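Reminder, nothing fancy here: chain letters follow the sequence lines and each chain counts from 1. In what follows, every heavy atom counts, from backbone to side chain, and hydrogens, waters and symmetry copies are set aside. It should be emphasised that the depicted structure is a prediction, and the values quoted were computed from it without experimental measurement.
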Protein chains: 2
Amino acid sequence: MTYQKKIPVSLDCGLHLFMEVVNGKWKANLIWSVYSGIKRPGELQRNMPKASRRVLDTQLKQLVQHGILSKTTYDELPFKVEYELTSLGATLIPAITCIAQWGEDHRLELEKIITA
Amino acid sequence: MTYQKKIPVSLDCGLHLFMEVVNGKWKANLIWSVYSGIKRPGELQRNMPKASRRVLDTQLKQLVQHGILSKTTYDELPFKVEYELTSLGATLIPAITCIAQWGEDHRLELEKIITA
DNA sequence: ACAAGTACGGCTGAATTTATCCGTACCGGG
DNA sequence: CCCGGTACGGATAAATTCAGCCGTACTTGT
């Protein structure tokens with residue numbers, strides 16, 4: 001889209017397949033939020049004010065392209081857009097839960113180390 | 001080290017804590033390799049030939065700084081260096097297993113989508 | 001008419017990560 | 001002596017992601 005990759009992606013291991021899809025400053029949060037019922041672009045942005053709308057838009061679009069989210073535009077007026085997890089996207093939830101849990105479990109040590 | 005961050009890191013959620021440590025093109029692979037018994041810099045590089053030695057060095061150093069790996073320099077001659085998982089690093093293994101598993105489980109669909 | 005809310009996206013530059021090039025230092029073998 | 005293997009790291013370029021600014025379009029309410 002915005003940028004054409006010049007270096008081919010490594011798909012040789014599962015780790016990289018996951019990263020190719022989830023890597024992006026807000027992607028995991030977006031997936032999690034949609035899973036939690038926050039489905040509309042405006043809501044999502046209010047939910048993570050530190051992210052710029054532009055970046056969220058872009059990352060949402062990539063998630064749709066990667067088949068993780070689906071996007072529905074309702075033709076009512078006023079406009080309304082909603083994102084949903086696809087079935088593939090839903091399979092990510094346990095993995096994301098797992099890493100978020102790890103982060104919370106080690107928050108104290110991590111904050112010390114990272115802030116150093 | 002090489003670069004001083006100008007934008008503060010968000011530590012507000014577990015997801016970001018995890019990413020702060022594991023994000024890096026080869027970090028998850030490095031952690032996994034060390035866990036699998038590939039402990040020496042040279043071995044690691046031969047194990048992932050697509051990564052440049054310089055980048056591996058840098059990412060290994062960051063993993064050490066973040067308390068995920070420990071580094072031992074043996075004073076024998078010739079030189080010998082070995083990395084090990086710290087106890088914190090060891091707690092990452094289940095999470096990494098989980099995401100690698102997800103990648104493998106969905107390899108077929110993902111390859112189709114990403115290559116598109 | 002005007003402000004505010006919804007959503008989309010081009011353009012541009014800053015921030016950050018990854019890659020390349022090269023040089024250091026030590027050791028051992030041919 | 002020269003080559004190759006071990007390991008480390010500065011300087012810099014290339015690649016990529018993230019952020020900010022602004023403009024479009026439509027609708028609702030004042």
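Position along DNA chain D of the nearest nucleotide to B/K71 versus A/N23 favours B/K71 as the more 5'-ward residue.
For A/K61, whose side chain is taken as the heavy atoms from C-beta onward, the closest listed nucleotide among D/dG9, C/dT16, C/dG9 is C/dG9. Among the nucleotides D/dT17, D/dG10, D/dC21, the one closest to any side-chain atom of A/R54 is D/dC21. Of the candidates D/dC8, C/dT18, C/dT16, C/dT18 carries the atom nearest the B/V55 side chain, counting heavy atoms from C-beta on. If you check C/dC11, C/dC21, D/dA15 against the side chain of A/K6, the one that comes closest is D/dA15.
Taking atom CZ of A/F79 as the reference point, atom C1' of D/dT24 lies 12 Å away to the nearest angstrom. One atom, CZ of A/R53, and another, P of D/dT24, lie 15 Å apart when rounded to the nearest Å. For A/I7 and D/dA15, the CD1 to P distance is 7 Å, given to the nearest whole Å. One can place CG of A/D57 at 18 Å from P of D/dT24, the figure rounded to the nearest angstrom. When the P atom of C/dA25 is taken as reference, atom NZ of B/K80 falls 25 Å away, rounded to whole Å. As a whole-Å value, the separation of A/L63 CG from D/dT17 P is 13 Å. B/L56 places its CG atom 14 Å from the P atom of D/dT6, with the value rounded to the nearest Å. Atom CD of A/Q59 is separated from atom P of D/dA19 by 8 Å (rounded to the nearest Å).
Contact check, A/K5 against D/dA14: no side-chain N or O comes under 4.0 Å of OP1 or OP2.
A cation-pi contact, defined as under 6.0 Å to the ring centre and within 45° of the axis, links A/K80 to A/Y74.
Sorted by residue number, the members of residues 24-40 of chain A with any non-hydrogen atom under 4.0 Å from DNA chain D read A/G24, A/K25, A/W26. Near DNA chain C, defined here as any heavy-atom distance below 4.0 Å, the residues from residues 43-51 of chain A are A/R46, listed numerically.
Not a single side-chain hydrogen bond (donor to acceptor under 3.5 Å, both in side chains) links A/K25 to another residue, sequence neighbours left out.
With contacts defined as side-chain heavy-atom distances shorter than 4.5 Å, the pair A/F18/A/L92 qualifies. Using a 4.5 Å heavy-atom cutoff, the side chains of A/V21 and A/H16 are not in contact.
Taking both residues in full, the closest heavy atoms of B/V64 and B/K71 are given as CG2-CB, 4.3 Å, listed atom of the first, atom of the second, then distance.
Here the CG-CD1 distance, from A/L15 to B/I99, works out to 5.0 Å after rounding to the nearest 0.5 Å. The CG atom of A/L44 sits 12.0 Å away from the CH2 atom of A/W26 when rounded to the nearest 0.5 Å.
Taking the charged nitrogens against the carboxylate oxygens, B/E43 and B/R40 have no contact shorter than 4.0 Å, which rules out a salt bridge. A salt bridge is absent between A/D57 and A/K61; no separation between the charged side-chain nitrogens and carboxylate oxygens falls under 4.0 Å.
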